[in-house]
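Remember, it's a predicted structure, so these values are computed and weren't measured experimentally.
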Amino acid sequence: GDALRHLAEVVLERGDRAAARPILSKALQVLAPVWGEEAPGTADLRLEYAALLRDQGALVEAEAQVRMALAVRIVNVGPSHSSTADAHYELGVVLLRRGAVEEARVELEE
């Protein structure tokens, strides 16, 4: 699991975002059950994966991943924590790209 995550980081550093997508997906499939869906590490990994999906235009899937990560961050660190704000921002960007301007504005103001 962690090895997959590190491999994805190396692939991303080399600029091969397309190759990183299935690796991050597999890392999430392996690590989420081990860490637990409510674990901070799972939320972090979901946000990494969501950013990659967003950049590749898979906006529906990216939105789903961000929403799951945001829910975990709200529970773990509270609604006003900086990491929660980062998740709101990511959701806002995804929503903006999907054309949901008003909903994006609300998230970006969080």
Side-chain angles (χ1 to χ4, degrees):
D2 279 331
L4 287 169
R5 185 177 186 177
H6 293 302
L7 176 60
E9 289 172 6
V10 169
V11 171
L12 285 169
E13 285 175 10
R14 291 186 179 168
D16 193 350
R17 299 183 74 74
R21 183 174 175 175
I23 298 168
L24 271 177
S25 176
K26 184 66 172 177
L28 190 56
Q29 289 172 3
V30 170
L31 292 172
V34 173
W35 291 343
E37 286 297 332
E38 301 298 317
T42 302
D44 294 345
L45 187 54
R46 285 194 186 287
L47 285 172
E48 286 178 49
Y49 186 49
L52 183 64
L53 292 167
R54 178 202 66 218
D55 291 347
Q56 293 180 346
L59 300 176
V60 172
E61 190 176 355
E63 180 181 346
Q65 293 295 326
V66 174
R67 286 188 185 279
M68 286 187 275
L70 176 59
V72 169
R73 287 206 170 156
I74 289 170
V75 168
N76 285 328
V77 296
S80 59
H81 193 275
S82 63
S83 67
T84 304
D86 291 343
H88 277 293
Y89 177 81
E90 182 63 32
L91 180 55
V93 171
V94 170
L95 291 169
L96 194 58
R97 290 197 182 175
R98 289 195 65 207
V101 176
E102 184 57 30
E103 195 177 353
R105 184 190 62 76
V106 171
E107 293 299 329
L108 292 169
E109 289 177 356
E110 284 290 327

Quiz item: Can you name the nearest heavy-atom pair linking P33 to Q29, along with the distance?
Solution: CD-O, 3.1 Å

Practice problem: May I ask you to test the V60-R98 pair for a side-chain heavy-atom distance under 4.5 Å? | Solution: yes

Quiz prompt | Atom of A39, atom of N76 and distance for their closest heavy-atom approach | solution = C-ND2, 4.1 Å

Self-check item: N-O pairing of D44 and R73 below 4.0 Å
Solution: yes

Quiz prompt | From CD1 (I23) to NE2 (H6), nearest 0.5 Å | solution = 13.0 Å

Self-check item: Trace of the side chain to side chain contact (heavy atoms under 4.5 Å, CB included) decision for Q65 with L47
Solution: CA-CA 7 Å; Q65 293 295 326; L47 285 172; over 6 Å; no

Quiz item: Taking a hydrophobic cluster as the set of Ile, Leu, Val, Met, Phe, Trp and Tyr residues connected by side-chain heavy atoms closer than 4.5 Å, whether directly or through intermediates, do L31 and L28 fall within one such cluster?
Solution: yes

Quiz prompt | Verdict with supporting geometry, T42 and V72, side chain to side chain contact (heavy atoms under 4.5 Å, CB included) | solution = CA-CA 9 Å; T42 302; V72 169; over 6 Å; no

Exercise. Report the C-alpha distance between L52 and R17 in whole Å, list the side-chain angles of each, state the deciding distance to 0.1 Å, and finish with yes or no for side chain to side chain contact (heavy atoms under 4.5 Å, CB included).
Key: CA-CA 7 Å; L52 183 64; R17 299 183 74 74; 3.6 Å; yes

Quiz item: Are M68 and L24 co-members of a hydrophobic cluster defined by side-chain heavy atoms under 4.5 Å apart?
Solution: no

Quiz item: Can you tell me how far the CG atom of L53 sits from the CD atom of E61, to the nearest 0.5 Å?
Solution: 4.5 Å

Quiz item: How close do A20 and A8 get, heavy atom to heavy atom, and via which atoms?
Solution: CB-O, 4.2 Å

Self-check item: Cluster link Y89 to V94, ILVMFWY, side chain under 4.5 Å
Solution: no

Exercise. Evaluate side chain to side chain contact (heavy atoms under 4.5 Å, CB included) for E37 paired with R46, printing each intermediate quantity in order.
Key: CA-CA 10 Å; E37 286 297 332; R46 285 194 186 287; 2.6 Å; yes

Exercise. Please examine the side chains of H88 and L70, heavy atoms only from C-beta on, and report whether any two atoms are closer than 4.5 Å.
Key: yes

Quiz prompt | N-O pairing of E63 and R97 below 4.0 Å | solution = no

Quiz item: What's the shortest heavy-atom distance between G92 and A104, and which atoms?
Solution: O-CB, 3.3 Å

Quiz item: Taking atom CG of L59 and atom CD of Q56, what is their separation to the nearest 0.5 Å?
Solution: 11.0 Å

Practice problem: Identify the heavy atoms of V66 and A87 that sit nearest to each other, and give their distance. | Solution: CG1-O, 3.6 Å

Exercise. Using modelled atom types only, decide if a donor and an acceptor are shared between the side chain of T84 and the backbone of P79 within a distance under 3.5 Å.
Key: no

Quiz item: side chain to side chain donor-acceptor pair (under 3.5 Å) with E103: which residues, sequence neighbours excluded?
Solution: R67

Quiz item: Could you state the interatomic distance from CD (E107) to CG (L96), rounded to the nearest 0.5 Å?
Solution: 12.0 Å

Quiz item: Mind checking whether V10 and V30 sit in one hydrophobic cluster, side chains of I, L, V, M, F, W, Y counted as touching below 4.5 Å?
Solution: no

Practice problem: For the residue pair L45 and Y49, establish whether any side-chain heavy-atom pair is separated by less than 4.5 Å. | Solution: no

Quiz item: What are the two closest non-hydrogen atoms of E90 and A51, and how far apart are they?
Solution: OE2-CA, 3.8 Å

